[in-house]
Structures are given as structure tokens and as C-alpha cells.
Amino acid sequence: MKLLGVDYGLRRIGLAISEGIFASPLGVAKDLPSVVRIATAQGIDKVVIGLPDPNHDKIKLFGTRIAELTGLPVEYTDETLSTRIARKQMIAAGTTPKTRLTEIDQNAAAVILQSYLDQRTEGLPL
């Protein structure tokens, strides 16, 4: 199953992809139509969107619109500290501050998607 991970932001939408048990950064999108185009072009089977808290209506509306426009199932997962974790991983990997600035959103999306995948492989409820 091919999954698209989404880190929704007001300026940029970070994207990650997985076809197995590992998530990889995919890039960024600026708006909903861009995410829909990417999901379609990549042959995505399911979209996983990070939620900072269970009551974040704007992100849920974004997910609903993705589902309506693509026909794909959309699931939500906790994204607590995903950006901070992504930043620490990027620093540990020796990335430059400029690279961290331009790639943080897609790396946060990979952290979100990897967390979702890890829960799934551990048999935890999603």
C-alpha cells in the first residue's frame, strides 16, 4: 500500500511517502490542488495527515476535501513534536541551516508517517 504523509501548514504542506515500513520525505506543496495532483501522480492508496490536537477543524476540513477530490481514504494521526523531532534528526545528519529551513516540512511529514507506520507494525490501534 502506497501512503502519503501530510504535515499541514499555513505556508507550506510537507509531504512524505511510503510503500512499505519506511517513510521518506517527498517534497512540499503550497495548496490543496497541488496535494491532489501529487497524490494522483504518485498512485497513492491512502493519505495520513498529522493532527496537533483532536479538535483541529481546519486540518480535518483539509483532509475531508482531499478525500472528496481523490476518493482516497484519509486517516489522522498525532503529530506532537514532529517538527522538533525532524529538526533534531536533520541536525544529527549534519544538514546546513539553509537545508533545514527548506526541507523541515517534508521531514516533519516523514516523521508523522513513520510514527503511523510504526504504530501499525506494532499492532497498536490506528
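For clarity, every value in this text was computed on a predicted model and none was experimentally measured.
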Residues L113, L117; criterion side chain to side chain contact (heavy atoms under 4.5 Å, CB included); working and verdict: CA-CA 6 Å; L113 185 53; L117 292 167; 4.3 Å; yes
Would you mind reporting whether E103 and T99 have side-chain heavy atoms less than 4.5 Å apart? yes
Mind checking whether V6 and I13 have side chains closer than 4.5 Å, heavy atoms only? yes
To the nearest 0.5 angstrom, please state how far the CZ atom of R87 sits from the OG atom of S82. 10.5 Å
Just do the side chain to side chain contact (heavy atoms under 4.5 Å, CB included) check on Y76 and V48 with the steps written out, would you? CA-CA 6 Å; Y76 301 93; V48 178; over 6 Å; no
Count I, L, V, M, F, W, Y as connected when their side-chain heavy atoms are under 4.5 Å apart, and connections chain through other members. Are I112 and L3 then in the same cluster? no
Which atom names give the shortest non-hydrogen contact between A23 and S18, and what distance separates them? CA-CB, 4.1 Å
Atom pair CE/CD1 of M90 and I85 - distance to nearest 0.5 Å: 14.0 Å
Mind listing the closest non-hydrogen atom pair of G5 and A109 along with its distance? O-CB, 3.9 Å
Counting only heavy atoms not in K2, do more than 12 sit closer than 6.0 Å to its NZ atom? yes
With the side chain counted from C-beta on, respond yes when N107 and Q89 share a heavy-atom pair under 4.5 Å apart, and no when they do not. no
Would L81 end up clustered with V111 when hydrophobic side chains under 4.5 Å apart are linked, directly or stepwise? yes
Just by distance, with hydrogens left out, do D31 and S34 show a side-chain donor and acceptor under 3.5 Å apart? yes
What's the separation between atom CD1 in I21 and atom CD in Q114, rounded to the nearest 0.5 Å? 8.0 Å
Non-neighbouring partners of K58 that pass side chain to side chain contact (heavy atoms under 4.5 Å, CB included), sequence neighbours left out: Y8, L10, H56
What pair of heavy atoms forms the shortest contact from A16 to Q106, and how long is it? CB-O, 4.3 Å
For A108 against A86, the heavy-atom pair lying closest together: N-CB, 3.6 Å
Return a table of donor-acceptor pairs under 3.5 angstrom between the side chains of residues 62-71 and protein atoms on other chains or two or more places apart.
residue, atom, partner, partner atom, Å
T64, OG1, K60, O, 2.9
R65, NH1, E68, OE1, 2.8
T70, OG1, I66, O, 2.7
T70, OG1, L72, N, 3.1

Between the CD1 atom in I17 and the OG atom in S24, the distance rounded to the nearest 0.5 Å is 8.5 Å
Indicate yes or no: at least one non-hydrogen side-chain atom of L26 is less than 4.5 angstrom from one of Q42. yes
Using a 4.5 Å cut-off on heavy atoms from C-beta on, say whether the side chain of I59 contacts that of L61. no
Side chain to side chain, L4 and L15, heavy atoms closer than 4.5 Å: yes
Does the distance from a Lys or Arg side-chain N to an Asp or Glu carboxylate O, for D105 and R12, drop under 4.0 Å? yes
Only residue of D78, T83, T77 satisfying side-chain hydrogen bond (donor to acceptor under 3.5 Å, both in side chains) with T80 is D78
